[in-house]
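Atoms within each ligand, like the ligands themselves, are counted from 1 in listed order.
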Amino acid sequence: MTWQQRIDSALEQRRASGSFRTRLANQQGSGRHLVQDGKRYLNFSSNDYLGISQHGKVITAWQHGAEIYGVGSGGSGHVTGYNEAHQQFEAQLADWLGYPRALLFISGFAANQAVIAALVEKPDRIVADKLSHASLLEAAMHSPAQLRRFAHNDVVSLQNLLAQPIDGQQLVVTEGIFSMDGDAAPLADIAQTTRNANGLLMVDDAHGIGVIGEEGRGSCYQQHIKPDLLVVTFGKAFGASGAAVLCSESMADYLLQFARHLIYSTAMPPAQAYALSAALNVIRGDDSRRSQLNANIARFRAGASQLPLKLMASQTAIQPLIVGENEAAVSLASTLRERGFWLTAIRPPTVPQGTARLRVTLTGSHTFEDIDRLLEAMYDATR
Ligand SMILES: *Cc1c(COP(=O)(O)O)cnc(C)c1O
């Protein structure tokens, strides 16, 4: 098979499966509305949970940061790209989350790849929740260690895998809030089980940070644990992009030696770190966005429980409605789209076969009226 034949055949298979991915350019920001081909939609697919991407103070900070530092960092942090804005934001993160150190990464994907690649060796075992994000599972699959996946949120399954004989070390990987189901991990039990097996615990709290717990400190703080490696990302509740790994002094020094995504990649623009620092001040200081989000979640769940679709046991901003077959999910999404609601149908291979779903994400910028209008359109479309 030639390269071209291989590519054509992969595309053909994707089209045939009904899972062909496309992108459309939004003509507006990432806020409550989305504009496509001149038509305006209410956006129920955004990860901008607190509406911070449009926050005046954060926008001003980004502008101000660009005036002070310019638009780019000019290099890897190991050369000249590490700046006082990065340093201050790292210190602020470490203080907020109660860790000795924080290291900034360009994205959550990069952070997860870097940490796993830097840590594990051939005799080791990575034990990851079955529903972990692609950035974690792919890093684990490409690592020299063996990858075992424990049943979703199942501590007994985790315990059984950890008890199997091994020569090397064990790294346990899970998330605070799962991105496709919106449910929370039993972190206290997972931490205890990992400690009993002398393992290292890595928690990716991409969907919990900023949203859950006091001052938005996330899932781990809320469940009173401090994993060895806490990954937080800034593409969701922080409204921008980037990530950080929170860890001990020695772990941070180790990652600075061996995390190739840090060493061989241009550091985040300092202006962005400056803006993220302003975003963190908003997240810590302004509870009203989290309260509105929580009120929206309660309102949506009360209404959606009347629909002939399976509402998952999620208490978070991610509220999936299981439709089942791919075509049915796509058709429901497109009916809603005609009525002015932007929702995505999530299909296999992103989720298991037969569980195609509408993934509703709620934010603190939605109003009760937005939620009620969506629910009404859903009743009509599924009657
Ligand atoms: C979004 C997400 C990531 C990727 O983070 P980016 O900063 O968007 O690269 C990683 N892990 C989880 C659980 C996520 O939801």
Side-chain angles (χ1 to χ4, degrees), residues 21 23 26 30 45-50 52-53 86 89-90 93 102-117 126 128-142 149-150 152-153 171-185 187 190 201-212 216 218-220 222-223 227 229-246 259-262 265-269 272-273 275-276 279-280 283 312 314 316-320 344 346 349-351 357 359-363:
R21 300 169 198 259
R23 312 187 295 178
N26 178 12
S30 55
S45 279
S46 171
N47 290 327
D48 184 14
Y49 298 130
L50 302 175
I52 286 184
S53 77
H86 299 119
F89 182 46
E90 285 178 348
L93 284 168
L103 292 179
L104 290 180
F105 285 80
I106 205 76
S107 72
F109 199 100
N112 287 338
Q113 301 278 313
V115 167
I116 290 176
I126 301 170
D129 187 287
K130 215 171 159 72
L131 296 191
S132 297
H133 192 260
S135 56
L136 295 162
L137 290 178
E138 268 170 40
M141 277 186 293
H142 293 142
R149 304 198 297 169
F150 63 96
H152 177 52
N153 281 348
L171 175 67
V172 174
V173 173
T174 191
E175 294 180 23
I177 305 293
F178 285 83
S179 47
M180 291 301 141
D181 290 16
D183 55 344
L187 291 172
I190 288 174
L201 178 60
M202 173 176 185
V203 176
D204 174 346
D205 201 22
H207 295 278
I209 201 69
V211 188
I212 305 251
S219 310
C220 293
Q222 193 196 32
Q223 295 193 44
L229 296 145
L230 168 59
V231 179
V232 299
T233 72
F234 309 128
K236 279 120 190 176
F238 275 72
S241 75
V245 177
L246 285 294
R260 304 172 75 79
H261 295 67
L262 274 185
S265 186
T266 303
M268 167 190 293
Q272 184 179 340
L276 285 168
L280 177 50
I283 285 171
M312 296 193 72
S314 158
T316 66
I318 303 165
Q319 290 291 331
T344 7
I346 310 272
T350 306
V351 292
R357 63 195 69 184
R359 183 168 173 275
V360 178
T361 55
L362 303 168
T363 74

(message) Please report the interatomic distance OG1(T233) to CG(D205), rounded to the nearest 0.5 Å.
(response) 8.5 Å
(request) Among all protein heavy atoms, pick the one closest to atom 11 (N) of ligand 1 and tell me residue, atom and distance. (result) D204 OD2, 2.5 Å
(request) Can you pull out the closest protein heavy atom to atom 4 (C) of ligand 1? Residue, atom name and distance to 0.1 Å, please. (result) F109 N, 3.7 Å
(request) With heavy atoms only and a cut-off of under 4.0 Å, state how S107 meets ligand 1: side chain, backbone, both or neither. (result) both
Going by atom types alone, do [X] and [Y] pair a side-chain donor with an acceptor below 3.5 Å?
X: S53; Y: D48; result: yes
X: S45; Y: T361; result: no
X: H152; Y: D183; result: yes

(request) Give yes or no for whether the N/O distance cutoff of 3.5 Å, strictly under, is met between H207 and ligand 1. (result) yes
(message) Would G108 count as a polar contact of ligand 1, with the cut-off being nitrogen or oxygen pairs under 3.5 Å?
(response) yes
(request) Identify, with sequence neighbours excluded, every residue that meets salt bridge (charged side-chain N to carboxylate O under 4.0 Å, His left out) alongside R359. (result) none
(message) Check for me whether S241 has a heavy atom closer than 4.0 Å to any atom of ligand 1.
(response) no
(message) Closer than 4.0 Å to some heavy atom of S135 - which atoms of ligand 1 meet that?
(response) 10 (C), 11 (N)
(message) Please compare E175, H133, K236, M180 and report which has the shortest non-hydrogen distance to atom 8 (O) of ligand 1.
(response) K236
(request) For E175, check side chain to side chain donor-acceptor pair (under 3.5 Å) against everything at least two apart and list the hits. (result) none
